[in-house]
Amino acid sequence: MSELTLLGNKNTKYPNDYAPEVLETFENKHKENDYFVKFNCPEFTSLCPITGQPDFACIYISYIPDKLMVESKSLKLYLFSFRNHGDFHEDCVNIIMKDLIRLMNPKYIEVWGKFLPRGGISIDPYCNYGRPDTKWEQLAWDRFSHHDLYPETVNNR
């Protein structure tokens, strides 16, 4: 577990490109409880790796913590670091999930990107992970296999 350096820091430096090193953790004070933590990140941007055009999305991150949790300001700076980074939508959500798994080793995590359309089509990649050989692995399969059975009505894209 690292010492928090970003929370309350008035001299925040925003990364110019993909920066997983800005992520910080803190101790889960309720390890005896299983509970979801959900982040809604409606201002995510990245760049198309082919055209360099911006892509805009709402990124949803939900996880069940074990011993460590991600600190929200560091997560905000991390997500901001994609702003000048070129990757496809599917890559972005998988990179985010894998970085958070490496950071805090959660019991379960899912990342869902709802990207605004460009060229007349929107892409909404979803990925998840449950710790292998535990009940969380089964949860991951259940949520994955039932993912988006009843999609929401989309009026803004």
Side-chain angles (χ1 to χ4, degrees), residues 1-47 49 54-116 123-148 151-152 156:
M1 180 169 69
S2 66
E3 183 178 325
L4 297 180
T5 63
L6 299 170
L7 190 61
N9 184 336
K10 305 254 190 279
N11 298 312
T12 301
K13 301 215 181 344
Y14 291 87
N16 291 325
D17 200 0
Y18 170 68
E21 66 276 4
V22 302
L23 288 167
E24 295 184 345
T25 61
F26 63 94
E27 181 185 350
N28 176 9
K29 294 181 182 178
H30 305 282
K31 291 184 269 304
E32 71 282 2
N33 296 346
D34 291 329
Y35 59 99
F36 268 104
V37 176
K38 184 175 182 183
F39 294 101
N40 302 309
C41 314
E43 297 176 346
F44 180 84
T45 60
S46 62
L47 297 177
D55 291 312
F56 302 90
C58 186
I59 301 288
Y60 299 94
I61 300 167
S62 298
Y63 73 98
I64 300 173
D66 191 3
K67 296 176 182 165
L68 298 176
M69 301 177 72
V70 64
E71 191 278 316
S72 62
K73 183 174 182 182
S74 75
L75 180 64
K76 186 185 321 180
L77 292 173
Y78 166 73
L79 293 172
F80 180 88
S81 80
F82 282 83
R83 182 157 296 191
N84 295 316
H85 180 72
D87 250 326
F88 292 115
H89 306 337
E90 300 86 352
D91 295 323
C92 289
V93 299
N94 277 282
I95 289 167
I96 291 167
M97 183 183 75
K98 288 175 182 178
D99 284 344
L100 292 172
I101 291 168
R102 274 191 294 277
L103 178 74
M104 57 183 175
N105 191 24
K107 297 173 182 178
Y108 173 83
I109 189 168
E110 60 189 30
V111 180
W112 191 356
K114 294 190 176 187
F115 286 80
L116 293 175
I123 301 172
D124 294 348
Y126 171 87
C127 58
N128 73 359
Y129 161 87
R131 192 176 291 157
D133 302 318
T134 70
K135 64 183 177 182
W136 309 112
E137 184 175 40
Q138 184 61 48
L139 175 67
W141 171 248
D142 291 344
R143 288 181 70 95
F144 185 82
S145 62
H146 294 96
H147 172 73
D148 213 15
E152 76 282 2
N156 66 340

For the residue pair [X] and [Y], establish whether any side-chain heavy-atom pair is separated by less than 4.5 Å.
X: Leu139; Y: Ile64; answer: yes
X: Tyr126; Y: Tyr60; answer: no
X: Leu75; Y: Ile61; answer: yes
X: Ser46; Y: Phe115; answer: yes
X: Val93; Y: Trp112; answer: no

Listed pairs under 3.5 Å, donor-acceptor, residues 78-89 side chains, sequence neighbours left out:
unit_1	atom_1	unit_2	atom_2	d
Tyr78	OH	Asp99	OD2	2.6
Ser81	OG	Ala19	N	3.0
Ser81	OG	Tyr78	O	2.6
Arg83	NE	Thr45	OG1	3.1
Asn84	ND2	Asn16	O	3.2
His85	ND1	Asp17	OD1	3.2
His85	NE2	Asp87	OD2	2.8

What distance separates [X] [atom1] from [Y] [atom2], expressed to the nearest 0.5 Å?
X: Asp91; Y: Cys127; atom1: CG; atom2: SG; value: 10.5 Å
X: Lys114; Y: Cys58; atom1: NZ; atom2: SG; value: 8.0 Å
X: Ile101; Y: Ile96; atom1: CD1; atom2: CD1; value: 12.0 Å
X: Leu68; Y: Lys31; atom1: CG; atom2: NZ; value: 8.5 Å
X: Leu100; Y: Phe39; atom1: CG; atom2: CZ; value: 8.5 Å
X: Phe44; Y: Lys76; atom1: CZ; atom2: NZ; value: 15.5 Å

Counting only N and O atoms by type, is there a donor-acceptor contact under 3.5 Å from the side chain of [X] to the main-chain atoms of [Y]?
X: Glu27; Y: Lys29; result: no
X: Tyr63; Y: Val70; result: yes
X: Asn28; Y: Met69; result: no

Heavy-atom pair of closest approach, residues [X] and [Y]:
X: Tyr35; Y: Val37; result: CE1-CG2, 3.8 Å
X: Leu47; Y: Pro54; result: CD2-CA, 3.9 Å
X: Pro106; Y: Tyr129; result: O-CE2, 4.0 Å
X: Thr25; Y: Met104; result: CG2-CB, 4.3 Å
X: Pro15; Y: Val22; result: CG-CG1, 4.5 Å
X: Trp136; Y: Arg131; result: CB-N, 3.8 Å

Quick one: do His147 and Asn128 satisfy side chain to side chain contact (heavy atoms under 4.5 Å, CB included)? Show the steps, please. CA-CA 10 Å; His147 172 73; Asn128 73 359; over 6 Å; no

Taking CD in Glu90 as the centre, count heavy atoms belonging to other residues, nucleotides or ligands within less than 6.0 Å. Is the count above 12? yes

Any side-chain donor near an acceptor of the partner, Gln138 and Asp142, under 3.5 Å: yes

Does Lys107 have any side chain to side chain donor-acceptor pair (under 3.5 Å) partners at least two apart in sequence or in another chain, and if so, which? Asp34

